[in-house]
Number of protein chains: 2
Amino acid sequence: MRGRVTMRDVARQAGVSPMTVSRALKQDGSVNAATRAAVRDAAEQLGYVYDSTAQAFRAQRSGFLAVTLPSINNANFAATHRALTRSLANTELQLLLGVTNYRLDEEERLVRQLLARRPEAIVLTGGHHTEATRKLLQSMDGPVFEIWDQPHDPVDHVVGFSNADAMTMIVEHLAETGRKKFGYLGAIGDSDRRGAERRRGVLDAVKVLGLPDVTVLEACEAPISMTAGAQAVERFARDIRELDALICVSDPVAFGAISVLTRLGVSVPGDIAVTGFGAFEVAGLSNPTITTVDVGADRIGTELGRLVQSVLEADRDSTPINLQLTPTLIRGGSS
Amino acid sequence: MRGRVTMRDVARQAGVSPMTVSRALKQDGSVNAATRAAVRDAAEQLGYVYDSTAQAFRAQRSGFLAVTLPSINNANFAATHRALTRSLANTELQLLLGVTNYRLDEEERLVRQLLARRPEAIVLTGGHHTEATRKLLQSMDGPVFEIWDQPHDPVDHVVGFSNADAMTMIVEHLAETGRKKFGYLGAIGDSDRRGAERRRGVLDAVKVLGLPDVTVLEACEAPISMTAGAQAVERFARDIRELDALICVSDPVAFGAISVLTRLGVSVPGDIAVTGFGAFEVAGLSNPTITTVDVGADRIGTELGRLVQSVLEADRDSTPINLQLTPTLIRGGSS
DNA sequence: TTGAAAGCGTTACCAC
DNA sequence: GTGGTAACGCTTTCAA
């Protein structure tokens with residue numbers, strides 16, 4: 001592999017100075033058309049590739065927007081990512097993605113790594129972080145965005161919604177349709193913080209309604225998948241037969257649950273109502289369709305993209321924005 | 001927010017030279033323990049964050065591994081990404097991800113953008129590219145890896161499998177179980193190149209077996225989802241009733257198809273066999289379970305990680321490796 | 001064990 | 001319309 005071609009090489013080839021090359025390769029109007037053509041030709045000929053690293057270094061602007069997601073294999077987070085990319089399409093910002101696997105210690109490691117790339121801004125999924133992460137974020141040289149959550153104590157800007165309130169809608173809907181004995185199926189402990197918030201929302205709402213205590217079923221460590229949902233239902237079949245309604249942390253889990261319940265001869269929604277979360281595609285195609293909550297994952301991405309742009313354009317520190325979206329209940333055949 | 005803290009600032013604070021800071025912050029043994037402690041303290045105090053951009057610039061090594069994926073919301077590509085990340089955990093390489101949305105023109109734009117970051121190597125999902133992309137890749141200053149495919153004319157290294165051959169397994173399995181009149185449900189045209197390869201595999205295998213021509217049903221532009229699969233079956237219901245077997249481009253599509261067929265009173269596999277592709281979770285939990293092909297998405301990631309490392313360690317150009325994996329058929333209740 | 005200098009590729013700024 | 005100079009933060013190399 002031959003040494004890289006630099007603007008110097010192009011300049012030599014075109015018989016101009018490096019400075020002119022730099023100008024010619026941009027849309028800088030102050031360059032003679034003939035000169036520009038010569039430079040472009042030379043660059044083409046030599047296979048010149050622009051060096052963003054040098055540019056980032058020189059300008060002290062990386063052009064990166066760092067983003068952490070708990071998982072990439074999740075239609076909701078993928079939708080946010082996609083909408084964000086689209087919302088930033090007309091900018092120079094490039095996404096620098098890190099996946100935390102739902103672990104705060106991995107998030108810390110990632111944030112450290114991402115910040116070393118000097119991103120213009122950083123986006124974190126979730127409002128819970130380790131102490132060290134918070135400290136890193138606070139000393140960060142640019143805005144911080146927390147999404148998909150309603151942080152108690154936001155670091156900076158927020159685009160999210162209340163996972164707990166979303167669950168209240170589910171509980172109220174189930175109560176209205178006469179369900180009384182609730183179970184909640186999610187991941188173990190608090191590893192999935194948004195899942196933990198949902199669980200809290202269920203417990204609180206049930207208490208407010210004066211209904212019996214919720215049976216909390218812990219499937220496995222986050223992320224909890226279709227298969228994990230199915231296995232958990234097999235494992236907890238006895239507990240579940242006592243219930244009126246099984247509230248699942250997500251649609252895939254609900255789908256896995258319904259799949260096993262049906263196989264076990266338990267009728268959904270006849271014997272038990274089952275609900276999901278997230279308005280995944282499978283919710284609308286499962287049989288029965290699954291009652292769920294649409295949190296507007298793509299809207300989070302779109303709004304986030306807008307907000308990032310406006311905050312970065314306002315070069316001075318802007319006061320923190322907290323944009324809270326309202327999820328909507330989608331009634332399906334499963335309840 | 002205040003100007004960035006550099007090694008110079010840390011050096012001043014600790015009363016040493018920048019050079020000593022640089023050494024102290026690494027595991028360089030040649031620094032006095034006391035000096036190192038002082039430097040670390042100073043760095044901590046000032047909230048110093050290492051600047052990877054400057055390091056990358058100075059060393060002319062970005063530490064990036066550029067990766068393009070057609071989609072992020074796809075369990076298979078996500079599995080490859082995850083396995084790759086894991087396989088590279090003990091290295092300094094950082095993934096720089098770009099999503100093409102199954103479009104070659106977007107791939108070209110992305111490759112241009114990614115190469116400007118001077119990655120150590122680049123990984124492309126798929127073996128089809130625009131002419132311009134190929135040219136960019138050939139002049140790239142580092143190894144190129146194509147995955148998830150069996151390119152006709154590989155740019156460099158490959159870790160993949162034959163999408164067409166995988167389909168042959170499906171067709172033979174269906175033929176063995178007495179199916180004769182096949183349909184294929186996939187995306188329109190060749191936008192999804194791996195999908196197009198699968199279609200080709202079906203057509204060829206059916207021809208080899210001397211069976212009637214395949215009815216090709218085009219649902220929509222790639223990516224084709226569960227919902228798109230369902231809608232296509234509604235639209236093509238009449239054609240589908242004439243068939244013995246419906247071969248779908250992926251498991252989600254097959255799931256959507258089965259969902260609608262069941263609703264229409266068409267029995268699967270009684271009236272028609274349905275098959276998928278990719279061994280998605282839904283295949284094992286759908287009712288009936290879906291006959292599919294496991295392509296070893298995570299294995300691609302793991303092997304790729306190993307290969308990337310070994311190629312980068314061998315500093316001279318290594319001869320192109322072509323690692324072809326063998327998919328396995330998974331018989332489900334849908335056939 | 002520590003320090004000084006030089007330079008990676010690009011571009012803002014100032015000359016011409 | 002074009003060119004020279006300097007600087008961004010870090011580390012290799014050489015010197016003390």
B/Gln55, B/Glu92, B/Glu120 screened by side chain to side chain donor-acceptor pair (under 3.5 Å) with B/Arg61, the one that passes: B/Glu120
Residues A/Glu303 and A/Arg306 bridged, charged N to O under 4.0 Å: yes
Integer-rounded Å distance: C/dG7 C1' and B/Phe57 CZ: 8 Å
Sugar-phosphate, base or nothing in reach of A/Thr35, heavy atoms under 4.0 Å: sugar-phosphate
Cationic N near anionic O, under 4.0 Å, A/Glu108 to A/Arg112: yes
Where chain B begins and ends its contact with DNA chain D, read 5' to 3' at 4.0 Å from heavy atoms: D/dG9 to D/dT12
Phosphate-side-chain proximity, A/Tyr48 and C/dT10, N/O vs OP1/OP2 below 4.0 Å: yes
Note: A/Asp141-A/Arg118 ion pair, threshold 4.0 Å (strictly below): no
Atom-pair distance (CG on A/Leu25; C1' on C/dT11), nearest Å: 13 Å
CD1-CG distance between B/Ile300 and B/Leu325, expressed to the nearest 0.5 angstrom: 5.5 Å
B/Arg58 vs B/Val16, nearer the 5' end of DNA chain C by closest nucleotide: B/Val16
Length of the CE-P vector between A/Met7 and C/dA12, whole Å: 10 Å
Ion pair A/Glu106/A/Arg109, N-O distance below 4.0 Å: yes
Toward the 5' end of DNA chain C, by each residue's nearest nucleotide, B/Asn32 or A/Val49: B/Asn32
Lys/Arg-Asp/Glu bridge criterion (N-O < 4.0 Å) met for B/Arg103, B/Glu221: no
Separation of C/dC13 C1' from A/Met19 CE (nearest whole Å): 9 Å
Length of the line joining A/Gln55:CD and C/dT10:P, which is rounded to integer Å: 10 Å
Atom pair distance, as rounded to whole Å: CZ in B/Arg117 and C1' in C/dT10: 14 Å
Between P of C/dA6 and CD of B/Gln60, the distance in whole Å: 19 Å
Sugar-phosphate only, base, or nothing, as touched by B/Ser30 at under 4.0 Å among non-hydrogen atoms: base
Under 4.0 angstrom between A/Ser22 side-chain N/O and C/dT10 OP1 or OP2: no
Distance in angstrom units between A/Arg23 CZ and C/dT11 C1', rounded: 9 Å
